[in-house]
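Letters A, B, ... mirror the listed sequences (proteins, then strands); counts begin at 1. Remember, it's a predicted structure, so these values are computed and weren't measured experimentally.
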Amino acid sequence: MIWRGLLLLWMAVSMVAAFTWAPLVPGLEETTRVLYFHIPAAWLSVVGLAWSMVHSVLYLVRRRIEHDDHAAAAAELGLLFCVVATVSGSVWAKAVWHSYWNWDPRETSIFFILLIYGAYLALRSAIEGEERRARLAAIYSAAAFVTVPFLVFVVPRIYFSLHPDPLINPGVKIEMDPRIRSG
Amino acid sequence: MSAALQSATGAERPSIAATGVWHRYGPGRGLQPVSFEWSGPSVAAVTGANGSGKSTLLKVLAGLLAPSGGTATLSIGGSVVPDRARRRCVGYASPDLMFYDELSCAENLAFAGEALGLPDVRGAFTAALDQVGLGGVAGDRPAALSSGMQQRLRLALALLHRPAVLLLDEPSSHMDDEGRDLVARVVEHQRRTGLVVIASNDEREWTVAEQRIELRGRGLGGAA
Amino acid sequence: MPSNGSSSAAAVWAVLRKECRSEWRTRYGLNAALLFAVTTLTAVSFAIGRLANRTDLLAALLWIVLLFAALASLSHAFVREVEGRTLLLLRLVASPTAIAVGKLVFNLLFLAVLELVTVPMFLVLMGGPAPRWGAFLGILALGSLALAGCATLVGAVISQTRGRGALFAGVSFPLLLPMLAAAVSGTRAQWEGNPVGGQARLLAAYAAAVLGASLLLYDRLWED
C-alpha cells in the first residue's frame, strides 16, 4: 500500500516538475515537456504488451485462469499508455516537424502496437464464456507475439528517422541532463 | 492398424475412469464434481434432471470438452488411450450432431471414415448404414431425412469405426418404436464386447444399464 | 495404435477433399469472393485509371485489392462449419490440427483461384510495366502463403466468437501488416528493377513463423 502511495506521489511530482523545474533541451525548447509523458508511456505500452503476451502463453501452457487475468489487465493498461504515447508523439511531431504523422519507424511501431492492443481487446469483447475467451485471446496473443519481431526487420532502421536519436547514442551513454533523467 | 484395434476390442476390455471431473459454463451452470470407474463389457447410464450436466459429462468422456477440473481417462486392455487416439476408440452420438447438407448420407459417412483412417471406407459405411436401416437412402441428403432417420444416421456415425466405447446422448430422441428397438439392438450388440454409456432422462433407455450414476443439482453455483 | 503421422495426413486429405467438394457443390463462397475482388478492382481502376509508371501505387493497390478480397472470403471455411453446426462432426473424426491444416490448404487453393482471376485483370486494367515474372510470382506466392496462414488461424478463432466480417478484418490486420509491407515493397522492387531477395526472404521467414506458430496453436482451438 505504501509503495502505491509513494509511486503516486512520484508521478504527481514528476508531472508538476515537467512543467516547472525541468530544463529545456536545446532545439526542442518547450516541447521537451512532452518527453515526460511520451517516453514513459511508450515504454509502458511495450512492457504491457510483453507482459500480456507472456501471460497468454503461460495460460496456454498451464491453463490457469490467473494468467488470463494478467494478460487482460496488462492489455487494458497497455492500451491506455499506447494511446497516450501515440497522441503525445503525434502532437509533438506537429509542433516540431509540422506534420502529425509520417510513418517513420517509431511511429509505425507504436501504431502497430496500438493495432495489436485494439484487436486483442476487440476479440475479447466478442467472446462469451470465461474459459473460451481466455483460450482464444491467448491463441491470438501468442500469434501476435510471433509477428512483432518481424516489424523490427520490416521497418528499416537505416533510413533517416525524424525521431530525436541524438538524445540516445548508439552507444550506451544517455546524454541527458540529469534532471531529465530523474523525471 | 485399425484392423488390429478392431480385433483387440473383442479381446480387451475398455474402461473409463473419471476423477473429480467438473465443469463450469458460467455462474450457476455446469457439472458437479463426479468420479467413477466403469469397465466393459457393460452398459452404464448417466441420469439426472435437465441441466445437471449429462451431456457435458459425455462430451468430456468423448474428448470434445476439456473440463474445468478433474481427469477422465479411457483405457483399453489396461493401457491408457492417449487423448489424440481417443476419437478412434469412441463412438459418440448426440442430438446436436449435424451433417453436411451438401453431401449425401453416404458421402458424409465416407468423409468420416476417410478422416478416421479406416482401411475399408466403403465397406464400413455400407455396413453402418445397413445396421441402422438406412441402406436405401444412402444417396439422399441428410436434410431430406425425417428426424427419426437423422437420428439413425447419427447412430451410424457412432458405429462406423466399430469403437470399443459408445457414448450415446439421448439415443432414442425423435425415434418411433421401431427406432427404439434399433437402439436397444445396437446397445445389446455393443455390450457384448465393449462399453456403452447412455445419457438420458428416459427410463426406458437406461433400464438395461448395469451401472448408473445420477447427477444431481443444477450445476455449480459458484467457483467449485 | 495407428501411427499418428499417416492418420493425420489421411485426416488432412479427407478434410481438404470435403472442403473442395462442399465448395464445388455450393459455390457461393468462391462466387462471392470473385465478385468482390472484381468489384474492388473495377472501382480502383475506374477511379484512378491507368498508372503507367507509378510502380509504388501499383504495388500497393494490387496488394490492397488482394487483401480485401481475402479478408472478405477466407473466414468462410470456418464460418460455414459453425453456421451449419457441423463442427461437432468434424471434431469427432479429425484432430484440431488436421482440421485446421486441411482448411489452410483449402484457403491456399481458394486464394490461388482468386489471384488467377484478379491479378491478370489488375495488370491489364491498371497498365504498368511488364512484371519480372519470376520475382513477381515469387513474391505473390510467398505473400499469399503468409496471408492464408494468418487468415486461417484468425478465421478459426473468430468463428467461435460473436463477431464476423468486421472483427475478422480488424483482428487479422495486425498480423498481416508485416507481410503487407514486405509484399508491397517486393512487388514494387521487381518493377523498378531492384533485387527482391530481401523481401522474399522476409516473406518466407514470416510465413514459416506464422505457420509454425499456427501448428502449435491449432491444437487448442476447440476445447468446448
Side-chain angles (χ1 to χ4, degrees), chain A residues 49 52-53 56-63 67-68 75 79 82 103 105 107-156 158-159, chain C residues 60 78 96 100 143 146 149-186 198-199 201-224:
Chain A
L49 189 69
S52 179
M53 285 176 169
S56 290
V57 173
L58 281 175
Y59 175 80
L60 287 176
V61 169
R62 295 198 195 152
R63 301 180 194 233
H67 291 303
D68 181 62
L79 175 69
C82 197
W103 293 114
E107 286 175 335
T108 307
S109 304
I110 200 74
F111 190 71
F112 183 57
I113 292 174
L114 190 64
L115 283 180
I116 294 183
Y117 272 127
Y120 178 79
L121 291 169
L123 179 63
R124 288 191 73 95
S125 69
I127 309 174
E128 292 163 351
E130 192 179 67
E131 290 189 9
R132 180 182 279 202
R133 182 171 52 227
R135 191 178 77 246
L136 294 180
I139 289 175
Y140 181 72
S141 190
F145 182 80
V146 167
T147 71
V148 166
F150 281 88
L151 198 70
V152 171
F153 294 102
V154 163
V155 179
I158 41 176
Y159 80 77
Chain C
F78 288 102
C150 291
T152 304
L153 181 61
V154 177
V157 168
I158 294 290
S159 66
Q160 298 184 63
T161 73
R162 284 182 300 215
R164 286 289 178 262
L167 192 68
F168 177 61
V171 170
S172 307
F173 191 63
L175 298 185
L176 293 172
L177 210 71
M179 163 253 141
L180 189 65
V184 170
S185 168
Q199 289 92 341
R201 271 195 299 275
L202 190 64
L203 280 174
Y206 191 71
V210 168
L211 292 173
S214 300
L215 283 175
L216 289 174
L217 294 168
Y218 283 149
D219 205 38
R220 305 295 308 274
L221 271 173
W222 297 295
E223 290 182 345
D224 58 15

By a 4.5 Å heavy-atom criterion (distance strictly below it), what part of [X] contacts chain A: side chain, backbone, both, or neither?
| X | value |
| --- | --- |
| L221(C) | both |
| Q199(C) | neither |
| Y206(C) | both |

Non-hydrogen atoms of [X] and [Y] that approach each other most closely:
| X | Y | value |
| --- | --- | --- |
| P178(C) | T147(A) | CG-O, 4.2 Å |
| Y140(A) | P174(C) | OH-CG, 3.6 Å |
| A209(C) | V146(A) | CB-CG1, 3.5 Å |

Query raised in the report: Using a cut-off of under 4.5 Å for heavy-atom pairs, which of G170(C), S214(C), A205(C), G212(C) has the most such pairs with chain A?
Result: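 Most heavy-atom pairs within the cutoff with chain A belong to A205(C).
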
Query raised in the report: Who wins among L153(C), V171(C), L167(C) for the most heavy-atom pairs under 4.5 Å with chain A?
Result: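 If we count pairs closer than 4.5 Å to chain A, V171(C) comes out on top.
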
Report task. Examine whether an atom of R63(A) lies under 4.5 Å from a heavy atom of chain C, and if so say whether it belongs to the side chain, the backbone or both; otherwise answer neither. Result ->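 Side chain only.
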
Query - Sorted by number, residues from residues 130-138 of chain A in contact with chain C (heavy atoms, under 4.5 Å) - result: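 If one takes a 4.5 Å heavy-atom cut-off, the residues of residues 130-138 of chain A near chain C are R132(A), R135(A), L136(A).
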
Report task. State the OG1-CG distance between T108(A) and L177(C), to the nearest 0.5 angstrom. Result ->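 With rounding to 0.5 Å, OG1 (T108(A)) is 8.5 Å from CG (L177(C)).
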
